[in-house]
Amino acid sequence: MNKILIIGLGLIGGSFAKALKKNMPSIAISAFDTDIEAIELAKSQKIITDFYSIEDSLEDFDLIVIA
């Protein structure tokens with residue numbers, strides 16, 4: 001698994017992203033959330049590498065988590 005998308009960076013999605021990054025630091029985690037502050041916080045903490053937009057393709061992800 002190299003590329004993961006997490007939809008929803010609330011309590012569950014954010015915790016899942018942190019755990020993934022801690023245990024698999026080289027993994028690329030993208031995220032989608034309507035709360036821009038959650039996205040910016042995760043980016044500033046280097047938990048996620050990219051923000052996913054609805055217009056982007058889902059084909060590139062190895063795993064998609066809806067939280």
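Here, residue 1 is the first one in the sequence, and each next residue gets the next number.
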Sequence neighbours left out, what passes side-chain hydrogen bond (donor to acceptor under 3.5 Å, both in side chains) with Ser53? Give chain and number order. Glu55

Given side chains that start at C-beta, do those of Leu58 and Tyr52 come closer than 4.5 Å, heavy atoms only? yes

Measure from the side-chain N and O atoms of Ser15 to the backbone N and O of Ile12, and report whether any donor-acceptor pair falls under 3.5 Å. no

Is any side-chain heavy atom of Lys21 closer than 4.5 Å to one of Lys46? no

Is there a donor-acceptor pair under 3.5 Å between the side chain of Ser30 and the backbone N or O of Phe51? no

Find the distance between CD1 (Ile6) and CD1 (Ile29) and round it off to the nearest 0.5 Å. 5.0 Å

Within the supplied structure, the quantity of interest is the number of heavy atoms (other residues, nucleotides, ligands) at a distance under 6.0 Å from Ile66 CD1; does it exceed 12? no

Are Ile48 and Met24 connected in a single hydrophobic cluster, I mean Ile/Leu/Val/Met/Phe/Trp/Tyr linked by side-chain heavy atoms less than 4.5 Å apart? yes

Separation of Glu37 CD from Leu9 CG (nearest 0.5 Å): 13.0 Å

Co-membership, hydrophobic cluster, residues Met1 and Ile47, 4.5 Å side-chain: yes

Who are the side-chain contact (heavy atoms from CB on, under 4.5 Å) partners of Lys3, not counting sequence neighbours? Ala28, Asp60, Phe61, Asp62

Find the distance between CG (Leu63) and CG (Asn2) and round it off to the nearest 0.5 Å. 12.0 Å

Ile64 and Ile39: same hydrophobic cluster, using ILVMFWY side-chain contacts below 4.5 Å? yes

Is there a side-chain contact between Val65 and Leu5, using heavy atoms and a 4.5 Å cut-off? no

OG1/Thr34 to CD1/Ile7 distance, rounded to the nearest 0.5 angstrom? 12.0 Å

